[in-house]
Amino acid sequence: MELLQYAATIAANSGTTVTALVLGTTTEAEMSSLGNYGANKVLHVSDARLDNLNSAAYTKALVTAAQQEQAQVIVTAHDVTGKAVAPRVAARLQAGLVAGAVSYPDMTNGFVVKKTVFAGKAIAHVNISSAIKVITLISNTFPVKPGAGTATVAALSVDFTDKDFAVKVTAVNKVTGTVPLSEAELVVSGGRGMKGPENWGVLIDLAGSLGAALACSRPVADSHWRPHHEHVGQTGGTIRPNLYIAVGISGAIQHLAGVNGSKTIVVINKDPEAPFFKAADYGVIGDAMEVVPRLTAAVQKFKESQN
Ligand SMILES: Cc1cc2nc3c(=O)[nH]c(=O)nc-3n(C[C@H](O)[C@H](O)[C@H](O)COP(=O)(O)OP(=O)(O)OC[C@H]3O[C@@H](n4cnc5c(N)ncnc54)[C@H](O)[C@@H]3O)c2cc1C
């Protein structure tokens, strides 16, 4: 939804339209609802083999759609799918690529997109000078506001060969019942200061009371205290939630790289010298096992007072 709005803004500024590409099994209603977020047209490749990410086949579908539509700008999310597909599409179309954009393109003098570099320490202004441009956008960069547009839906036929499906997905284990981390507006994250997986209950309770997703630092995932999909940072996910609560995390630069785009950062750490406090909007110096349950109780009390 965010991508469609992003594309719609670029299209409006360049006097063109937005085509969304939908791959795999879906419903007519879901596709036409994309009009509410800025799509003028939806192209659907109805092939169940596309239900799971397959970078070769997705690349071919996106290149086919882009060529048919004579797309000037192609946007994907900066997620596992986008990171696998966008560079391949850019290479096929001889297009410049900005991976991990955090701004709309500035088209006043060229086509300049901002992205964070050096683990979030600096912002690069990248000018794409090729005719076709490819951008992967970091999720949660812009708020999503549904509108009342409509989109036409058309089938797209792609000339797949067996080679495009050389990689086969044999099993999919979906995480259920939690907010996907990349889309979460509120995130509660734990580090090595939590001492062990047996102490995660306090973070799960806080996340539950806030309706937040859970995240963690890399050593936590490496030690199998938490699953790897919760790992954020330079080598993990990049997130930009409205609120990031970091508990028992020192704030190493590699960790900050994945979270310093968060709108508000709260740090709970027993060491007043922990580097994370420098990046924090609010800090609590204290023991996680004492502070977090009290924070959860305060959230519960606040929620009750609102009912
Ligand atoms: C190439 C490379 C890539 C990396 N990528 C990532 C990445 O993507 N993500 C990532 O997170 N790291 C990454 N790292 C590792 C990173 O450098 C740090 O080692 C890591 O982030 C530290 O994790 P931590 O803050 O959980 O643990 P620690 O650094 O051990 O910090 C634990 C913190 O908990 C506090 N604490 C201890 N007990 C308590 C308590 N009872 N209550 C409250 N606070 C307490 C301590 O004061 C300390 O600040 C990478 C490193 C390299 C070299």
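Below, each value reflects all heavy atoms present in this structure, side chains not excepted, and no hydrogens, waters or symmetry copies. Model, not experiment: these values are computed from the prediction. Order of listing sets the numbers, starting from 1, for every ligand and every atom in it. Numbering starts at 1 and runs along the sequence shown.
A salt bridge between D287 and K270 is absent, with no side-chain N of the basic residue lying under 4.0 Å from a carboxylate O of the acidic one.
With hydrogens left out, the protein atom closest to atom 5 (N) of ligand 1 is T235 OG1, 2.8 Å, a heavy atom. Distance from atom 3 (C) of ligand 1 to its nearest protein heavy atom, with residue and atom name: R218 NH1, 3.3 Å. Here the heavy atom of the protein found nearest to atom 45 (C) of ligand 1 is K270 CG, 3.7 Å. In terms of protein heavy-atom proximity, atom 41 (N) of ligand 1 is closest to D287 OD1, 3.3 Å. Distance from atom 34 (O) of ligand 1 to its nearest protein heavy atom, with residue and atom name: G248 O, 3.0 Å. Considering only non-hydrogen protein atoms, atom 14 (N) of ligand 1 sits nearest to Q254 CB, 3.6 Å. For atom 38 (N) of ligand 1, the nearest protein heavy atom (residue, atom name, distance) is K195 NZ, 2.7 Å. Here the protein heavy atom with the shortest distance to atom 9 (N) of ligand 1 is V232 O, 2.8 Å.
Of the candidates G193, A257, A246, A221, G193 brings a heavy atom nearest to atom 37 (C) of ligand 1. The heavy atom nearest to atom 46 (C) of ligand 1, considering only V247, D271, N269, is found in N269.
Counting the atoms of ligand 1 from 1 in the order shown, those under 4.0 Å from a heavy atom of G286 are 42 (N), 43 (C). Close contacts of ligand 1 with G233, meaning ligand atoms under 4.0 Å from a residue heavy atom, involve 7 (C), 8 (O), 9 (N). Listed by number with element, the atoms of ligand 1 under 4.0 angstrom from any heavy atom of Q234 are 7 (C), 8 (O). Those atoms of ligand 1 with a heavy atom of G236 less than 4.0 angstrom away are 8 (O). The distance from ligand 1 to the heavy atoms of A252 drops below 4.0 Å at these ligand atoms: 16 (C), 17 (O), 18 (C), 21 (O). Contact atoms of ligand 1 toward G191: 26 (O) (distance under 4.0 Å to a heavy atom of the residue).
Within the structure, ligand 1 has H231 among the residues with a heavy atom less than 4.0 angstrom away. Under a 4.0 angstrom heavy-atom cut-off, V220 registers as lying outside contact with ligand 1. In this structure, P219 has a heavy atom closer than 4.0 Å to ligand 1.
Two different hydrophobic clusters hold L210 and V187 under the rule that ILVMFWY side chains link at heavy-atom gaps under 4.5 Å. Under a hydrophobic-cluster definition in which Ile, Leu, Val, Met, Phe, Trp and Tyr are linked whenever side-chain heavy atoms come within less than 4.5 Å, directly or via other members, L93 and V73 are assigned to different clusters. In terms of hydrophobic clustering, with Ile, Leu, Val, Met, Phe, Trp and Tyr side chains grouped at heavy-atom distances under 4.5 Å, V134 and V113 are assigned to different clusters.
Residues meeting the side chain to side chain donor-acceptor pair (under 3.5 Å) test with D106, sequence neighbours left out: T108.
Of the possible donor and acceptor atoms, one in the side chain of S130 sits under 3.5 Å from a partner among the backbone N and O of G96. The backbone N or O of A20 sits nowhere less than 3.5 Å from a side-chain atom of K41 that would complete a donor-acceptor pair. Using modelled atom types, no side-chain atom of S223 and backbone atom of V220 make a donor-acceptor pair closer than 3.5 Å.
Note: an N/O pair closer than 3.5 Å links A288 and ligand 1 by distance alone.
Using bins of under 30°, 30° to 60° and over 60° for the plane-to-plane angle, the ring pair W200/W225 lands in the perpendicular bin.
Residue contacts with ligand 1 for S250 involve both N, CA, C or O and side-chain atoms from C-beta outward (heavy atoms, distance under 4.0 Å).
Using a 3.5 Å distance cut-off with no hydrogens or angles, the side chains of T59 and R92 do not pair a donor with an acceptor. For S209 and Q300, the side-chain atoms include no donor-acceptor pair closer than 3.5 Å. No side-chain N or O of T264 forms a donor-acceptor pair with one of Y244 less than 3.5 Å apart.
Counting protein heavy atoms under 4.0 angstrom from atom 19 (O) of ligand 1 gives zero.
A side chain to side chain contact (heavy atoms under 4.5 Å, CB included) with L21 holds for exactly one of V42, L43, I74; it is L43.
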